[in-house]
Number of protein chains: 2
Amino acid sequence: MKKTVFIFSALIIALLSLFQLSQYAVISGDLKIEIAIAFSAIVCFFVGVYISKKNATHQPILTKKIDTHKLKELEITTREYAVLKQISEGLSNKEIGEKLFVSESTVKTHVSNLLAKLQAKRRTEALKIAKQLQII
Amino acid sequence: MKKTVFIFSALIIALLSLFQLSQYAVISGDLKIEIAIAFSAIVCFFVGVYISKKNATHQPILTKKIDTHKLKELEITTREYAVLKQISEGLSNKEIGEKLFVSESTVKTHVSNLLAKLQAKRRTEALKIAKQLQII
DNA sequence: TTAGCGCTCATACTAAAGTACCAAAACCCA
DNA sequence: TGGGTTTTGGTACTTTAGTATGAGCGCTAA
């Protein structure tokens, strides 16, 4: 954001000085003022496009924000969600248990509840649905 | 693209007519020509940003292209890849078999080979790796 | 024409995954 | 402090997933 403001300011200054330079031409009647305006407008347009692109690539637009609202809507608890994330990492129930410091039984319980809440038959299907819901 | 050209043309026309309107003010000496230019520049800048954003959201920049090169590198066959895509859809081996018109045994064979080639222990892990490799 | 590869399928396992049901701590909140 | 929810864990069982191995068929390049 700071960057944008800076570039924006520089842009205006550049334009005003550009105008000062072209003023001589305007006075002499060779260069029409419309052209000067159109030129500056075109330049600014492309600068706008450029800046927007820059910002877009810097912070990937499709950094899918996690839809916390949907998590509550589906009544997915904290622990269940933690398990879901580990599933998306390709871990087995046992591995998830080790990572979250609980038994495999507990993980199975969470997974089972998760599948019911996501209306999935398998963990792979749960992953697909979760992605569609922007949950992961 | 056509849209962009259209908007761009409309923009220039609008600016020129804007200038025509403001010309009276310029002649009367109340409104300085610098302000007119700066104003048009600012408008064009934001229009550029807006259009760029529109384009970005319309056709997602991060439409991950499938890395066919990597598929060959990993020696993943046509059929195996078809199975992989079905796995990402959350289907079971049996369901995949029905969809591809082969037996569950065949699907199992493909999955097994797939896991070996992707160096995964489970299908969920295979999904994760495949995504990292931009294969799906 | 034969060796190699891809695709198919089967059997027989072992290993995970998932279900159902129960139950006891732990936690939060009114 | 009682009550609902979450988290945890267990047993017992069914269903998928995954491995290993072998084998037949069709295509293709040497």
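Just so you know, these numbers use all the heavy atoms, side chains as well, and skip hydrogens, waters and symmetry mates. Within every chain, numbering begins at 1; the chains are lettered A, B, ... in the order of the sequence lines, protein sequences first and strands thereafter.
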Under the salt bridge (charged side-chain N to carboxylate O under 4.0 Å, His left out) test, which residues partner E98(B), sequence neighbours left out?
none
Under the side chain to side chain contact (heavy atoms under 4.5 Å, CB included) test, which residues partner L115(B), sequence neighbours left out?
V111(B), A120(B), A126(B)
Should I87(B) and L91(B) count as side-chain neighbours, where that means a heavy-atom distance under 4.5 Å?
no
Scan nucleotides 19-25 of chain D against the protein and return all N/O pairs shorter than 3.5 Å with their distances rounded to 0.1 Å.
residue: dT19(D); atom: OP2; partner: S112(B); partner atom: OG; Å: 2.5

Does dT7(D) have its OP1 or OP2 closer than 4.0 Å to a side-chain nitrogen or oxygen of H110(A)?
no
Report yes if a side-chain nitrogen or oxygen of T106(A) is closer than 4.0 Å to either non-bridging phosphate oxygen (OP1 or OP2) of dG9(D); otherwise report no.
yes
How bent is the helix from dT1(C)-dA30(D) to dA30(C)-dT1(D), measuring the angle between the end axes built from five pairs each, rounded to 10°?
50°
So how far is it from L133(A) CG to K131(A) NZ, rounded to the nearest 0.5 Å?
12.0 Å
Give the residues of residues 77-90 of chain B touching DNA chain D, defined as any heavy atom closer than 4.0 Å, sorted by residue number.
none
What residues 94-102 of chain B contributes to the DNA chain C interface at heavy-atom separation below 4.0 Å is V102(B)
With sequence neighbours left out, the residues meeting side chain to side chain contact (heavy atoms under 4.5 Å, CB included) with S92(B) are R122(A), K94(B), E95(B)
Listing request: all salt bridge (charged side-chain N to carboxylate O under 4.0 Å, His left out) pairs with a residue in residues 99-119 of chain A, at least two apart in sequence or in separate chains.
E80(A)-K117(A)
Taking any atom closer than 4.0 angstrom to a non-hydrogen atom of chain A, what span of DNA chain C does the protein reach, first nucleotide to last?
dA17(C) to dT19(C)
Would you mind reporting whether L114(A) and Y81(A) have side-chain heavy atoms less than 4.5 Å apart?
no
Polar contact flag, side-chain donor to acceptor under 3.5 angstrom, R123(B)-N93(B):
yes
Of all heavy-atom pairs linking L84(B) and L118(B), the shortest is CD1-CD1, 4.4 Å
Check whether any side-chain heavy atom of L74(A) sits under 4.5 Å from a side-chain heavy atom of I135(A), and report yes or no.
yes
Would you say that more than 12 heavy atoms from the other residues, nucleotides or ligands in this model lie under 6.0 Å from the CD of Q132(B), or not?
yes
Residue set satisfying side chain to side chain contact (heavy atoms under 4.5 Å, CB included) with S103(B), at least two apart, ordered chain then number -> S105(B), T106(B)
When rounded to the nearest 0.5 angstrom, what distance separates OG in S112(B) from NE2 in H110(B)?
11.5 Å
Would you indicate what S105(A) reaches in the nucleic acid, counting non-hydrogen atoms under 4.0 angstrom: base, sugar-phosphate, or nothing?
base
Mind listing the residues from residues 122-130 of chain B sitting with a heavy atom below 4.0 Å of DNA chain D? Number order is fine.
R122(B), R123(B)
For the pair made of CG in N93(A) and P in dG9(D), what is the distance, rounded to whole Å?
14 Å
Check whether any side-chain heavy atom of L100(B) lies under 4.5 Å from a side-chain heavy atom of R79(B), and answer yes or no.
yes
Approximate separation, where rounding is to 0.5 Å, of L127(A) CG and E89(A) CD
10.0 Å
Distance col, row K121(A):NZ vs I129(A):CD1, nearest 0.5 angstrom, shows 9.0 Å
